[in-house]
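Take a look at the structure below.
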Amino acid sequence: MSASGNDQHTPPAEAIGNPAAAAAWLERNVVESLPSGGLKRKLEQSVAESRPLRVKLGIDPTAPDIHLGFTVVLGKLREFQELGHQVVLIIGDWTARVGDPSGRSATRPQLSIEEINANAETFADQALKVLRSDRLEVRRNGEWLDMPLDELFGILRTTTVAQVTEREDIANRLRSGTPVSLLELLYPVLQAYDSVAVEADVELGGTDQHFNLLLGRDLQRAFGQQEQVAIELPILTGTDGERKMSKSLGNYIGITEAPADIYGKTMRVPDSALDEWYGLLVGNPPSEVLTPRDAKRQLARELVTRFHSETAAAEAESHFDRVIVRGEMPEEIEEGHIASDSEATVHLPAVLSELFGISRSEARRSISAGGVKLDGAPVAELDLVARELDGKVLQLGPRRHRRIIVD
RNA sequence: GGGGGGAUGUCCGAGUGGUUAAAGGAGACGGGCUGUAAACCCGUUGGCUCUGCCUACGCAGGUUCGAAUCCUGCUCCCCCCA
């Protein structure tokens, strides 16, 4: 495993310049590649015309960071790059305003334009943690979706209501009486039109994108273009080991998260999900000589190394051993300032509330449950003399610490 | 435009005048245990100046000793008809 963590995306020698071998390698861990044989034909065409394929991936900036599940798709894009093809990364600043209903049981919360733009800003940077910076074209779909109505009408004519309402997620919502807005029905058509706009040869997505990917082919045909190949990748399970990794379920690991968080969250993943995580994120199963614990530690190190550095991984591991395994204080503890006369009485719930951002009632509950410690010893009193707190480490639960400074 | 149904805590969901801060579940948090931040067990889960007080069942008002529960108006959602 290299520091870049991208060995898994390096093509074997026989795949270079050989469409059949290249297609087989690219399709080795995908769930679906449609139509069957389509990718090989595209690759042959690429060789014949000596032109790189345009491989599209759309990503809506609905959350501020890219999570691990998404890197599975990015990794596949990287493989196309390694074979010399052109990646077209579409930041869906306009589709984000519409909201993708795929796999959803309710309408997405509306994001403000400011949030969308702020997220869009960082997305390309984050994607570069997996993608190469050459053979990469980054576009925003506002470039073409901000169109006159008559053009939009032309696009909407291509698709029927039955098509967009028959898909399972939408059909379920209609059946259960959950609201579905017209805008949501529009979404797949707009995403499909992105394929037309960038003249995609291949589009990637998770299996939840099945409908959207195939509709892209329909739109391209309607606009007189060659149809793209649709490649569907597996969806990574979240840190709960059960549901798909997603921002809204809170079971995700963002690739820009702090090393200690990536390491810790990875350790929290149930052992039962280990094989899947190795397969999708590392590209090979864990070594059989490793116990589940050590396999998980190795995965955690590998992930921190990939998104930060080897040094950060070592530090994250020792932090984990120290704070979680041995229950000791972290090496570095953030200071927490409280303003008080040193002889005055301070109300502990108020201090906890201020330093850790919880409510005072919540703080009281934690205290009575024995979850609040001062220099490692549980505290029961609600009011303390400020002097007794000064310089001590206040701890909330197993992993939140602050060194108190009385000003 | 007409008719019918609905809006409950982070989420799902019970509750149709009186120990209801609101059953149950999920999630989350804390404790125990553990190789782990898993699993399992236990506890907590609106706020606060905390043996009490305040706020809360879409919004506004009303009836009542007392309402999430009854009435009126409004907003939003779903279904059917047009």
Side-chain angles (χ1 to χ4, degrees), chain A residues 68 104-110 165 170-184 237-253 257-278 286 289-301 303-304 316-328 330 344-374 376-383 394-401:
Chain A
L68 278 185
R104 290 238 139 202
S105 55
T107 305
R108 281 181 182 275
Q110 179 70 53
T165 53
I170 296 288
N172 283 343
R173 285 167 60 183
L174 290 175
R175 207 177 310 119
S176 69
T178 313
V180 177
S181 75
L182 273 183
L183 206 51
E184 290 179 88
T237 299
T239 51
D240 55 7
E242 288 173 15
R243 299 166 299 175
K244 71 168 189 172
M245 183 175 286
S246 90
K247 166 80 175 172
S248 57
L249 292 174
N251 61 356
Y252 73 108
I253 298 180
E257 287 192 62
D261 291 328
I262 295 182
Y263 193 96
K265 283 186 177 184
T266 304
M267 290 303 286
R268 174 171 70 175
V269 172
D271 291 357
S272 58
L274 255 188
D275 284 348
E276 181 197 326
W277 276 49
Y278 260 88
V289 302
L290 294 178
T291 62
R293 180 195 61 179
D294 291 333
K296 203 183 290 184
R297 281 174 170 274
Q298 183 178 315
L299 177 63
R301 270 198 308 274
L303 292 176
V304 177
E317 179 154 76
S318 76
H319 178 269
F320 182 84
D321 283 336
R322 188 182 181 112
V323 177
I324 304 304
V325 178
R326 296 197 299 273
E328 297 168 3
T345 298
V346 293
H347 196 53
L348 196 52
V351 174
L352 287 161
S353 166
E354 192 170 325
L355 299 184
F356 298 109
I358 59 175
S359 74
R360 294 183 182 195
S361 299
E362 204 176 342
R364 279 192 197 87
R365 280 184 235 120
S366 291
I367 291 169
S368 63
V372 174
K373 294 174 186 165
L374 205 51
V379 274
E381 308 80 50
L382 294 183
D383 294 291
L394 183 65
Q395 181 177 348
L396 175 61
R399 54 186 193 279
R400 279 176 282 184
H401 305 78

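Everything quoted here is computed from the prediction, not taken from an experiment. Convention: sequence-line order gives letters A, B, ...; per-chain numbering from 1. Values below: every heavy atom of this structure, side chains too, minus hydrogens, waters and symmetry copies.
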A:N251 side chain to A:K244 backbone, donor-acceptor under 3.5 Å: yes
Please tabulate, one pair per line, each protein N/O and nucleotide N/O from nucleotides 79-82 of chain B that are separated by under 3.5 Å, including the distance.
none

The reported gap from CG in A:L352 to CG in A:L382 (rounded to nearest 0.5 angstrom) is 10.0 Å
Got a sec, which pairs hit side-chain hydrogen bond (donor to acceptor under 3.5 Å, both in side chains) with one end in residues 267-277 of chain A, sequence neighbours left out? A:T237-A:E276, A:D271-A:K296
Using the P atom as the reference point in each nucleotide, state the distance between B:G46 and B:A56 in Å, no decimals. 16 Å
Output one line per pair: protein atom, nucleotide atom from nucleotides 33-36 of chain B, and distance, for all N/O pairs under 3.5 Å.
unit_1	atom_1	unit_2	atom_2	d
B:G35	N1	A:D271	OD2	3.3
B:G35	N2	A:R293	N	3.2
B:U36	O2	A:M267	O	2.5
B:U36	O2	A:K296	NZ	3.0
B:U36	N3	A:K296	NZ	3.2
B:U36	O4	A:D271	OD2	3.1

Return the polar atom pairs (N/O with N/O) between nucleotides 6-11 of chain B and the protein under 3.5 Å, or none.
none

Can you check the A:F356 CZ to B:C29 P distance for me, whole Å? 15 Å
Could I get the full list of salt bridge (Lys or Arg N to Asp or Glu O under 4.0 Å) partners for A:R322, not counting sequence neighbours? A:E331
By side chain to side chain donor-acceptor pair (under 3.5 Å) - contacts of A:Y252 (at least two apart): A:K247
Expressed in angstrom and rounded to an integer, what is the separation of A:W277 atom CH2 from B:A37 atom P? 16 Å
Shortest non-hydrogen contact from A:E184 toward A:P179: OE2-O, 4.3 Å
Sequence neighbours left out, what passes salt bridge (Lys or Arg N to Asp or Glu O under 4.0 Å) with A:E362? Give chain and number order. none
Pair assignment for RNA chain B - dot-bracket with | for other-strand partners, Watson-Crick or G-U under 3.5 Å: ((((((((.[[[..)..(.....]]]((((((.......))))))(((...)))...[[[[[..)....]]]]]))))))).
A:K373: side chain to side chain donor-acceptor pair (under 3.5 Å) partners, not counting sequence neighbours: none
Provide a list of protein-nucleic acid N or O atom pairs under 3.5 angstrom, restricted to nucleotides 39-49 of chain B.
unit_1	atom_1	unit_2	atom_2	d
B:G47	OP1	A:S359	OG	2.7
B:G47	OP2	A:R365	NH2	2.3
B:C48	OP1	A:R360	N	3.0
B:C48	OP2	A:R360	N	3.1
B:C48	OP2	A:S361	N	2.5
B:C48	OP2	A:S361	OG	2.6
B:U49	OP1	A:R360	NH1	2.1
B:U49	OP2	A:R364	NH2	2.4

For A:E242, the side chain to side chain donor-acceptor pair (under 3.5 Å) test, sequence neighbours excluded, returns none
How far does the C1' atom of B:G9 sit from the matching atom of B:U45, given to the nearest Å? 10 Å
Could you tell me if the side chain of A:I358 sits less than 4.5 Å from the side chain of A:L396, heavy atoms only? yes
Could you work out the separation of B:C70 and B:G17 based on their P atoms and round it to a whole Å? 8 Å
Taking the same atom, P, in B:C59 and in B:U10, what whole-Å distance lies between them? 13 Å
Can you name the residues that form a side chain to side chain donor-acceptor pair (under 3.5 Å) with A:D294, not counting sequence neighbours? A:T291
